[in-house]
K.L.:
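Encoded as structure tokens, here's the structure I'll be asking about.
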Amino acid sequence: MKSEPDVFSFEDLLKAAGRTTSWEGVRNYQARNFMRDEFRVGDGVLFYHSNSEEAGIAGIAEVVKAGYPDPSALDPKSHYYDENAAKKGENPWFLVDVKATAKLRATVTRDELRAEKKLAKMMVLQKGSRLSVQPVTAEEFELVCKLGAARKI
DNA sequence: GCCAACGTTGGC
DNA sequence: GCCAACGTTGGC
């Protein structure tokens, strides 16, 4: 899951109540489908910092609540308010709750990710890969944890 | 700041 | 339903 650290960083997640946050504001249908249909409680999450000097995997998290409607879409005060959804009275947007579960020695940068042949197919490394929520294989997840010397918290 | 890649919008 | 125009993302 991608986030711009200026907006919400892994450090912010560590500071959040229960080290948990609702992943609100995703307004892309493909990403929505993943959160609505694929996420299961207990799934591992690679927390990716995008648009940053140090782009890469900044920390490890876990799904603690599976897909449910994103309340920010219907909240006029929210930055993520969706006027169309509110007018129709139907909320098409979903989110999940994630909790920080492990720290890394340091951000595993894109260079480090690219240096691993086994990660060559990782979606986030593909050119033009803008999707903010992406599937990751168990093998990729474990390898990133290893590269970053993940420590449970 | 540039720009390629991609998603969305809207005229037709 | 096509596709040009536009907006956004995000690496570099």
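What you see is a predicted model, and the numbers here were worked out from it, not measured in a lab. The figures that follow rest on heavy atoms only: side chains count, while hydrogens, waters and symmetry mates do not. We name chains A, B, ... by the order of the sequence lines, and we start the count at 1 in each one.
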K.L.:
The test is side chain to side chain contact (heavy atoms under 4.5 Å, CB included); show your working for A:Arg19 and A:Ile153 and say whether it passes.
P.N.:
CA-CA 10 Å; A:Arg19 299 198 305 270; A:Ile153 47 177; 3.6 Å; yes
K.L.:
Regarding A:Arg114 and A:Asp111, does a basic nitrogen lie under 4.0 Å from an acidic carboxylate oxygen?
P.N.:
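A salt bridge links A:Arg114 with A:Asp111.
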K.L.:
Can we call the ring centroids of A:Trp23 and A:Phe47 under 6.0 Å apart?
P.N.:
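That pair passes the under 6.0 Å test.
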K.L.:
Tabulate protein N/O versus nucleotide N/O from nucleotides 9-12 of chain C, keeping only pairs under 3.5 Å, one per line.
P.N.:
from   : atom 1 : to       : atom 2 : distance (Å)
C:dG10 : OP1    : A:Lys2   : NZ     : 2.8
C:dG10 : OP1    : A:Arg130 : O      : 2.7
C:dG11 : OP1    : A:Tyr48  : OH     : 2.7
C:dG11 : OP2    : A:Asn51  : N      : 3.0
C:dC12 : OP1    : A:Arg114 : NH1    : 3.3
C:dC12 : OP2    : A:Arg110 : NE     : 3.4
C:dC12 : OP2    : A:Arg114 : NH2    : 3.4

K.L.:
When you group the ILVMFWY residues by side-chain heavy-atom contacts below 4.5 Å and let the links chain together, are A:Phe94 and A:Val133 in the same group?
P.N.:
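In one cluster with A:Val133: A:Phe94, no.
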K.L.:
Applying a strict under-4.5 Å side-chain criterion to I, L, V, M, F, W and Y, I'd like to know whether A:Leu125 and A:Leu104 cluster together.
P.N.:
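Yes; tracing contacts between hydrophobic side chains, which count when under 4.5 Å, links both residues.
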K.L.:
Tabulate below the donor-acceptor pairs under 3.5 Å that side-chain atoms of residues 58-70 of chain A make, not counting sequence neighbours, or state none.
P.N.:
from    : atom 1 : to      : atom 2 : distance (Å)
A:Tyr68 : OH     : A:Ser22 : OG     : 3.3
A:Tyr68 : OH     : A:Asp97 : OD1    : 2.7
A:Tyr68 : OH     : A:Asp97 : OD2    : 3.4
A:Asp70 : OD1    : A:Ser72 : N      : 2.9
A:Asp70 : OD1    : A:Ser72 : OG     : 2.7
A:Asp70 : OD2    : A:Gly25 : N      : 2.9
A:Asp70 : OD2    : A:Arg27 : NH1    : 3.0
A:Asp70 : OD2    : A:Arg27 : NH2    : 3.4
A:Asp70 : OD2    : A:Ser72 : OG     : 3.2

K.L.:
Atom CD of A:Glu83 and atom P of B:dT8: how far apart are they, to the nearest Å?
P.N.:
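These atoms are roughly 18 Å apart.
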K.L.:
Verify the cluster assignment for A:Leu143 and A:Phe141: are they in a single hydrophobic cluster under the rule of side-chain heavy atoms below 4.5 Å apart?
P.N.:
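Same cluster.
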K.L.:
Distance from A:Leu113 atom CG to A:Tyr48 atom OH, nearest 0.5 Å?
P.N.:
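With rounding to 0.5 Å, CG (A:Leu113) is 7.5 Å from OH (A:Tyr48).
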K.L.:
For the helix from B:dG1-C:dC12 to B:dC12-C:dG1, what angle separates the axis at the start from the axis at the finish, each from five pairs, in steps of 10°?
P.N.:
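Here the helix ends are tilted 10° relative to one another.
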